[in-house]
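For reference, the structure discussed in these notes is given below.
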Amino acid sequence: MQDKVMEAIDEIRPRLQADGGDIEFLGITEDNVVQVKLQGACAGCPGAAMTLKMLVERIIKERVPEIKSIENIR
């Protein structure tokens, strides 16, 4: 499951980097919550929560349906 999540993150990363941000994969909890850390411009962006839900979570859940949600760890 972790490999599939990493592949999805690798697909998402260029979109975030185009806006001066990035994403770091931290792990998956026992209850299938992916923990990430938004970096760069994404870390302080007021739209970070929307980016997390509308882009990151959507793509990861499409690729790995077992994932329940995505959590940004600061």
Side-chain angles (χ1 to χ4, degrees):
M1 182 180 337
Q2 182 172 325
D3 288 341
K4 289 181 183 179
V5 170
M6 291 295 299
E7 287 174 14
I9 288 174
D10 286 342
E11 179 182 328
I12 295 162
R13 181 170 280 119
R15 297 180 196 187
L16 299 177
Q17 289 174 338
D19 290 329
D22 206 345
I23 186 169
E24 177 184 357
F25 173 74
L26 300 176
I28 302 173
T29 67
E30 290 181 15
D31 55 342
N32 290 344
V33 175
V34 174
Q35 295 179 325
V36 298
K37 182 175 183 180
L38 294 177
Q39 300 174 327
C42 292
C45 175
M50 183 174 283
T51 298
L52 198 64
K53 290 291 179 190
M54 301 302 290
L55 176 67
V56 178
E57 186 169 290
R58 179 181 56 81
I59 290 174
I60 290 176
K61 288 172 101 176
E62 283 176 4
R63 306 295 186 278
V64 191
E66 301 88 358
I67 295 301
K68 293 183 181 173
S69 66
I70 310 301
E71 181 178 52
N72 183 32
I73 306 296
R74 299 176 191 203

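Numbers for residues simply follow the sequence, beginning at 1. None of these values were measured; they are calculated from a predicted model.
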Co-members of the apolar cluster containing Leu52 [side chain, <4.5 Å]: Met1, Val5, Met6, Ile9, Ile12, Leu16, Ile23, Phe25, Ile28, Val34, Val36, Leu38, Leu55, Val56, Ile59, Ile60, Val64, Ile67, Ile70
Residues which pass side chain to side chain donor-acceptor pair (under 3.5 Å) with Gln2, listed by chain and number, not counting sequence neighbours: none
Straight-line distance of Gln17 CD to Cys42 SG, nearest 0.5 Å: 9.5 Å
Validation row: Glu62, Arg58 side chains within 4.5 angstrom (heavy atoms): yes
To the nearest 0.5 Å, how far apart are NZ in Lys68 and CD in Glu57? 12.5 Å
